[in-house]
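From a predicted model like this one, the values you see are computed outputs, not experimental measurements.
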Amino acid sequence: MKVEVDLTKCQDHGQCVYAAPDLFALDDQGRLSLRSHATDVYTADVDEANGEELHEAAEVCPLQAITVHE
């Protein structure tokens with residue numbers, strides 16, 4: 001499965017970090033750490049074993065910046 005994070009929508013609320021700490025993290029400045037890897041959209045493959053956490057993170061994102069592609 002793939003995850004896509006629209007960093008232009010993301011405002012670093014951190015709900016994804018609480019829902020899926022193995023997949024998301026905040027850096028020392030409180031910003032989503034994915035920002036160091038991409039500026040607009042971050043896309044990555046995610047192991048099926050982390051699927052439940054990933055779906056939860058997408059669901060709790062207040063700005064719907066996370067999209068899961070099966």
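Applying the salt bridge (Lys or Arg N to Asp or Glu O under 4.0 Å) rule to Asp6 yields no partners; only residues at least two apart in sequence or on another chain are considered.
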Could you tabulate the donor-acceptor pairs under 3.5 Å formed by side-chain atoms of residues 18-32, not counting sequence neighbours?
unit_1: Asp27; atom_1: OD1; unit_2: Gln29; atom_2: N; d: 2.9
unit_1: Asp27; atom_1: OD1; unit_2: Gly30; atom_2: N; d: 3.1
unit_1: Asp27; atom_1: OD1; unit_2: Arg31; atom_2: N; d: 2.9

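Within the 4.5 Å cutoff, the side chain of Pro62 has heavy atoms near those of the His13 side chain. Between Glu70 and His55 the shortest side-chain heavy-atom distance falls below 4.5 Å.
Met1 is connected to Leu34 through a chain of hydrophobic side-chain contacts under 4.5 Å among Ile, Leu, Val, Met, Phe, Trp and Tyr, so both are in one cluster.
The shortest non-hydrogen separation linking Ala58 to Val68 is CB-CG2, 4.0 Å. The two atoms that bring Ala57 and Ile66 nearest to each other are O-CD1, 3.8 Å, heavy atoms only. A pairwise comparison of heavy atoms in Leu63 and Cys10 identifies CD1-C, 4.5 Å as the closest pair.
The neighbour count for Glu4 CD, taken as heavy atoms of other residues, nucleotides or ligands under 6.0 Å away, is above 12.
Of the inter-residue distances, the one linking Gln11 atom CD with Cys61 atom SG reads 9.5 Å to the nearest 0.5 angstrom.
Legend: side chain to side chain donor-acceptor pair (under 3.5 Å) pairs involving residues 35-51, not counting sequence neighbours, sorted by first then second residue: Lys2-Asp45, Asp12-Arg35.
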